[in-house]
There are 2 protein chains.
Amino acid sequence: MTDRYNYMASVMKALAHPTRLFIVEKLNEQTCNVSELTRMVKADISTVSKHLTILKQAGIIAAEKLNNQMIYRLLCPCVLDMYQCVIKIKDTEEKND
Amino acid sequence: MTDRYNYMASVMKALAHPTRLFIVEKLNEQTCNVSELTRMVKADISTVSKHLTILKQAGIIAAEKLNNQMIYRLLCPCVLDMYQCVIKIKDTEEKND
DNA sequence: GACCTATTTGGCATGATGACCAAATAACCA
DNA sequence: TGGTTATTTGGTCATCATGCCAAATAGGTC
């Protein structure tokens with residue numbers, strides 16, 4: 001019972017960061033290595049690497065080694081549906097302002 | 001651009017707590033007042049009240065005063081779809097173990 | 001082996017969260 | 001008004017999250 005909510009919260013927490021949401025959306029378009037993502041999000045590469053670790057541990061993305069690079073890809077595109085719901089929440093809010 | 005991800009992250013963060021996930025699921029079944037939810041989640045009522053404030057500020061739930069009680073209700077049932085996606089992630093993980 | 005590129009890990013400072021208790025506020029009733 | 005119930009707010013403290021730098025690791029090339 002509680003385990004189920006703990007697990008779900010851990011996945012949501014992994015998504016609850018602007019940089020990580022950006023990464024997920026990007027990986028839905030194409031696989032990327034760490035350097036590419038670092039260039040896009042404009043943060044230290046070690047920071048980006050840690051964000052990727054968090055997403056990987058949550059089971060949202062996966063990594064595969066290609067020579068000396070790590071290629072990351074999105075495992076569960078369904079998380080993008082969450083984005084749609086959040087937009088819906090935003091719309092509802094604005095109507096109530 | 002960044003604003004969009006900041007906003008989305010703030011909503012996800014509101015959901016990223018086991019107690020708050022429980023509350024959302026409960027409010028999908030029925031409206032509740034604070035005391036009822038407190039009994040169910042077995043935490044201090046002030047803690048539950050703060051969780052409700054966080055969900056309300058995120059636009060996920062709404063409150064309405066009835067006499068000396070606050071009745072909370074779910075605004076966006078679509079967040080429940082997120083639960084389904086998280087379950088899907090869990091299934092995918094278990095297959096890879 | 002030395003060197004270069006790509007990535008991860010450790011450490012640390014700083015800020016955000018979350019839980020409880022106590023006190024404040026609000027509405028109702030006697 | 002005084003008392004009761006329902007809820008929120010403020011304070012404190014421990015814990016967790018985030019960002020950067022520096023150092024370590026891994027693979028490729030010369």
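These values consider heavy atoms only, across backbone and side chains, with no hydrogens, waters or symmetry-generated copies. The sequence lines fix the lettering, A, B, ..., with proteins before strands; numbering per chain opens at 1.
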Output the rounded distance in Å from [atom1] ([X]) to [atom2] ([N]).
X: B/Glu36; N: D/dA6; atom1: CD; atom2: C1'; value: 12 Å
X: B/Arg20; N: C/dT17; atom1: CZ; atom2: C1'; value: 8 Å
X: A/Leu55; N: D/dT18; atom1: CG; atom2: P; value: 11 Å
X: A/Gln57; N: D/dA17; atom1: CD; atom2: P; value: 11 Å
X: A/Arg39; N: C/dT5; atom1: CZ; atom2: P; value: 13 Å
X: A/Ile23; N: D/dT18; atom1: CD1; atom2: P; value: 12 Å
X: A/Leu52; N: C/dT8; atom1: CG; atom2: P; value: 7 Å
X: B/Ile71; N: D/dT8; atom1: CD1; atom2: P; value: 11 Å

**Message:** Report for the helix from C/dG1-D/dC30 to C/dA30-D/dT1: angle between first-end and last-end helix axes, five pairs each, rounded to 10 degrees.
**Reply:** 10°

Side-chain donor/acceptor of [X] to backbone N/O of [Y], under 3.5 Å:
X: A/Thr53; Y: A/Ser49; value: yes
X: B/Thr47; Y: B/Ala43; value: no
X: A/Asn67; Y: A/Gln69; value: no
X: B/Glu36; Y: B/Asn33; value: yes
X: B/Arg73; Y: B/Gln30; value: no

**Message:** Restricting to non-hydrogen atoms, name the atom on B/Ala14 and the atom on B/Ala58 that form the minimum distance, rounded to 0.1 Å.
**Reply:** CB-CB, 3.5 Å

Which nucleotide in [options] has an atom nearest any side-chain atom of [X]:
X: A/Thr47; options: D/dA6, C/dG18, D/dG19; result: D/dG19
X: A/Lys50; options: C/dC21, C/dG11, C/dA19; result: C/dG11
X: A/Ile54; options: C/dA6, D/dT18, D/dT8; result: D/dT18
X: B/Ser46; options: D/dT7, D/dT8, C/dT8; result: D/dT8
X: A/His17; options: D/dT18, D/dC20, C/dT8; result: D/dT18

**Message:** Is the phosphate of D/dT8 approached by B/Tyr72 (side-chain N or O, under 4.0 Å from OP1 or OP2)?
**Reply:** yes

**Item:** Phosphate OP1/OP2 of D/dG19 contacted by A/His51 side-chain N/O (<4.0 Å)
**Value:** yes

**Prompt:** Between A/Asp44 and A/Lys13, who's closer to the 5' end of DNA chain D by nearest nucleotide?
**Reply:** A/Lys13

**Complete:** B/S/- along nucleotides 25-30 of chain D (protein heavy atoms under 4.0 Å) is -SSS--

**Message:** Just to be sure I understand the rule, does A/Lys56 reach a base, reach only the sugar-phosphate, or reach nothing, if contact means heavy atoms closer than 4.0 Å?
**Reply:** nothing

**Message:** Classify B/Ser35 by what it touches in the nucleic acid, base, sugar-phosphate, or nothing, heavy-atom distance under 4.0 Å.
**Reply:** sugar-phosphate

**Message:** Taking transitive links into account, so neighbours of neighbours count too, which hydrophobic residues share a cluster with B/Ile54 at under 4.5 Å side-chain distance?
**Reply:** none

**Message:** Would you call the rings of B/His51 and B/His17 parallel, tilted or perpendicular, taking 30° and 60° as the class edges?
**Reply:** tilted

**Request:** Any chance you could measure A/Arg20, atom CZ, to A/Ile23, atom CD1, to the nearest 0.5 Å?
**Result:** 8.5 Å

**Message:** Please tell me whether B/Ile61 and B/Ile45 are part of a single hydrophobic cluster in this structure, the criterion being side-chain heavy atoms less than 4.5 Å apart.
**Reply:** yes

